[in-house]
Amino acid sequence: FIGGAFALILRGQAGLSSEGVPVVVDPAYYFQAMTNHVMDMIFGAAFNVVFAVAFYMIPALNGSRLVKWPKIANAGFWLNNLALFMMNLGGVKNQYLFTFLNPLQASPTWYIGYGLMVVGEWLEMVSVLGTSFLGRVPGRLVPTAIGFIVMDMIMMALANISVFIADMWSLFSPIGGLNIYLFGIPNAEVWKGLFWFADHPLVYFVPYTLSGCIVAIAPLYARRPMYSIRFTRWLIPAAFVLGSSVYVHHIVDDPWPLILRDIFAQTSTALIAVPFAALWLLFFTTLGDPRKLKWDPGFAFIFAAAVWNIIGGIQAEPTNPVPAMDPTVHNTGWIFGHFHIMLAIYSVGGLLGALYVVGPDLFGKKWYSNKLGWLHFWGWQAGMGLFAIASSEGGMFGLIRREVAWAGFYEVYYQLLLIGGWLAGFATIIFAYNLVLTLLYGEKMPKTDLPMWAVQTIALERYGMRREGYKEEELPLMLPAD
């Protein structure tokens with residue numbers, strides 16, 4: 001909600017004036033709000049939801065019902081949120097951080113907060129990895145959904161090493177603000193390479209855990225296992241390798257070696273589409289005829305997330321493998337259109353779908369209103385869809401991002417962004433209202449030792465693995481129905 005409030009400030013300012021006049025806030029604060037919006041939505045909202053999903057789904061699917069090292073996880077959670085609060089206190093210097101580029105000088109609280117946030121994430125990741133081994137029997141495979149989540153944690157933990165080094169390099173240099181000069185001013189190109197190494201592992205942090213959710217939930221609606229569990233499991237190492245490689249396309253315009261910038265970057269950016277395309281092929285094949293499925297807001301969010309991910313992937317492909325096009329659109333609305341497709345509609349939308357599905361077991365109560373759930377779904381899709389389309393089309397006509405003033409020609413696009421952003425905001429209020437009503441007045445669910453969705457997911461996965469020739473002693477442990 002805090003990150004969303006910053007977004008609505010941005011949309012209000014941009015949609016009411018093309019001249020940079022402080023209709024809502026001063027231009028300097030406009031850019032502060034942009035930085036804070038990015039930080040709060042990614043690190044505050046998306047990352048915390050991913051950890052929440054991991055700590056809920058893994059104990060449910062492995063039957064342990066326990067979190068390994070809960071004190072470490074709790075310490076990481078509070079440290080993470082304290083760090084984010086410190087980053088938000090960066091003040092006027094946060095206006096430079098919307099680019100996340102050195103050597104623009106940030107506040108010391110930002111550098112310290114970012115470093116503490118990485119440490120907090122590492123603590124939570126250690127707990128997630130430990131939880132995944134609870135109750136595991138040697139020789140038996142972990143459920144596929146857990147495999148995706150574990151891979152995600154390992155990838156992000158490794159990626160955080162380089163960004164932590166870059167952050168400490170700045171903090172203990174003349175631009176760190178502490179007057180502790182252990183290092184000289186960081187080399188801009190090397191610093192950018194270190195910092196952006198974590199960027200696409202960061203961007204995939206939500207999608208990979210969401211992939212685990214989808215693999216667990218899709219069979220429940222299809223009433224059959226994933227079309228090929230063996231193929232689905234092979235996507236895990238493929239996604240790990242490619243998700244850790246795409247980062248270099250953020251330095252496509254920089255003087256890096258040809259093999260990195262123009263060959264490896266383009267190849268990895270094109271290839272990352274392959275595991276996602278394979279996942280959606282398996283997803284839609286498993287579901288079959290959508291007219292025969294039982295639809296509810298949760299499944300609608302997940303289905304729409306798959307569709308939008310395909311759209312966003314197609315939209316993203318030209319921005320790097322076609323060197324002539326990338327410099328043209330990379331600093332325009334085309335890029336933040338793509339980003340909002342992938343983060344807001346696909347990642348956040350998919351996680352909202354997962355919450356709608358598992359919510360009754362998690363809360364112990366049925367959703368209060370199915371109609372409010374549908375209003376949330378359509379409001380979110382319409383609002384963020386309009387946002388993504390308007391920004392992408394504007395970008396193709398030269399709408400520059402990270403600006404506070406622009407030619408009047410582009411104002412209609414910013415007005416559409418204002419409408420889309422506020423529509424999505426109202427949809428979020430509807431969701432919050434439904435959630436509060438559910439917790440207060442929702443119909444109680446029968447209590448079980450393990451969530452029924454987890455029991456059914458494991459049963460279907462075991463059935464599918466038998467059909468594909470897995471040995472009985474390899475199958476994940478069967479969960480008791482009660």
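Throughout, residue positions are numbered sequentially from 1 according to the sequence presented.
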Give me the ring orientation class for Tyr204 and Tyr208: parallel if the planes are under 30° apart, tilted from 30 to 60°, perpendicular past 60°. parallel
[atom1]-[atom2] distance between [X] and [Y], expressed to the nearest 0.5 angstrom:
X	Y	atom1	atom2	value
Ile146	Met57	CD1	CE	8.5 Å
Leu82	Ile112	CG	CD1	11.0 Å
Asn74	Phe55	CG	CZ	9.5 Å
Asp40	Leu84	CG	CG	5.0 Å
Phe51	Leu123	CZ	CG	9.5 Å
Phe47	Met39	CZ	CE	13.5 Å

For [X] and [Y], work out which heavy atoms get closest and say how close.
X	Y	answer
Met155	Gly243	SD-C, 3.9 Å
Trp69	Gly130	CZ3-CA, 3.8 Å
Glu124	Ala73	CG-O, 3.7 Å
Ala46	Leu343	CB-CD1, 4.5 Å
Ala60	Leu479	O-CD1, 3.4 Å
Leu129	Phe133	O-CD1, 3.1 Å

Are any non-hydrogen side-chain atoms of [X] and [Y] less than 4.5 angstrom apart?
X	Y	result
Lys292	Asp289	yes
Arg65	Leu450	yes
Met117	Asn81	no
Val358	Pro451	no
Pro59	Leu134	no
Leu210	Phe205	no
Phe397	Trp334	no
Val119	Phe164	yes

Is a donor from one side chain sitting under 3.5 angstrom from an acceptor on the other, for Ser369 and Asn434?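 No, no side-chain donor-acceptor contact under 3.5 Å.
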Could you check whether Gln381 and Trp308, counting side-chain N and O atoms only, form a donor-acceptor pair closer than 3.5 Å?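 Distance-only check passes for Trp308 and Gln381.
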Examine distances only and state if a side-chain atom of [X] and a backbone atom of [Y] form a donor-acceptor pair shorter than 3.5 Å.
X	Y	answer
Glu121	Asn80	no
Asn48	Gly44	yes
Asn309	Tyr346	no
Trp295	Ala300	no
Lys366	Pro360	no
Ser162	Ala159	yes
Ser347	Met342	yes
Trp380	Ala344	yes
His376	Ile430	no
Trp122	Ala157	yes

Would you say that more than 12 heavy atoms from the other residues, nucleotides or ligands in this model lie under 6.0 Å from the CZ of Phe240, or not?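 Yes, CZ of Phe240 has more than 12 neighbouring heavy atoms, counting only those of other groups under 6.0 Å.
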Can you tell me if CH2 on Trp234 sees more than 12 non-hydrogen neighbours from other groups inside 6.0 Å? no
Show me the donor-acceptor pairs, under 3.5 Å and distance only, between side chains in residues 383-391 and residues at least two apart or in other chains.
unit_1, atom_1, unit_2, atom_2, d
Ser391, OG, Phe387, O, 2.8
Ser391, OG, Ala388, O, 3.1

Evaluate the side chain to side chain contact (heavy atoms under 4.5 Å, CB included) criterion for residues Leu399 and Phe336: first the C-alpha distance (whole Å), next the side-chain angles of each, then the deciding distance (0.1 Å), finally the verdict. CA-CA 11 Å; Leu399 184 152; Phe336 66 77; 4.0 Å; yes
What about the rings of [X] and [Y], do their centers lie closer together than 6.0 Å?
X	Y	value
Tyr433	Tyr368	no
Phe276	Trp280	no
Tyr114	Phe43	yes

Test side chain to side chain contact (heavy atoms under 4.5 Å, CB included) on Lys371 and Trp374; report intermediate values, then the result. CA-CA 5 Å; Lys371 291 182 179 179; Trp374 280 113; 5.7 Å; no
Take Leu355 and Leu362, measure what side chain to side chain contact (heavy atoms under 4.5 Å, CB included) needs, and give me the verdict at the end. CA-CA 9 Å; Leu355 179 59; Leu362 178 62; 4.2 Å; yes
I'd like a table of donor-acceptor pairs (distance under 3.5 Å, sequence neighbours excluded) in which one partner is a side-chain atom from residues 215-228, with atom names and distances.
unit_1, atom_1, unit_2, atom_2, d
Tyr221, OH, Asp296, OD1, 3.1
Tyr221, OH, Asp296, OD2, 2.8
Arg224, NE, Thr286, O, 2.7
Arg224, NH2, Thr286, O, 2.9
Ser228, OG, Phe231, N, 3.2

Val67, Asn62, Leu61 screened by side-chain contact (heavy atoms from CB on, under 4.5 Å) with Ser64, the one that passes: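 Single side-chain contact (heavy atoms from CB on, under 4.5 Å) partner of Ser64 among Val67, Asn62, Leu61: Asn62.
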With Val206 as reference, evaluate Asp152, Val49, Leu351 under the side-chain contact (heavy atoms from CB on, under 4.5 Å) test and give the passing residue.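 Only one of Asp152, Val49, Leu351 forms a side-chain contact (heavy atoms from CB on, under 4.5 Å) with Val206, namely Leu351.
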Going through the distances and angles, do Leu235 and Phe148 end up as a side chain to side chain contact (heavy atoms under 4.5 Å, CB included)? CA-CA 9 Å; Leu235 294 179; Phe148 273 100; 4.3 Å; yes
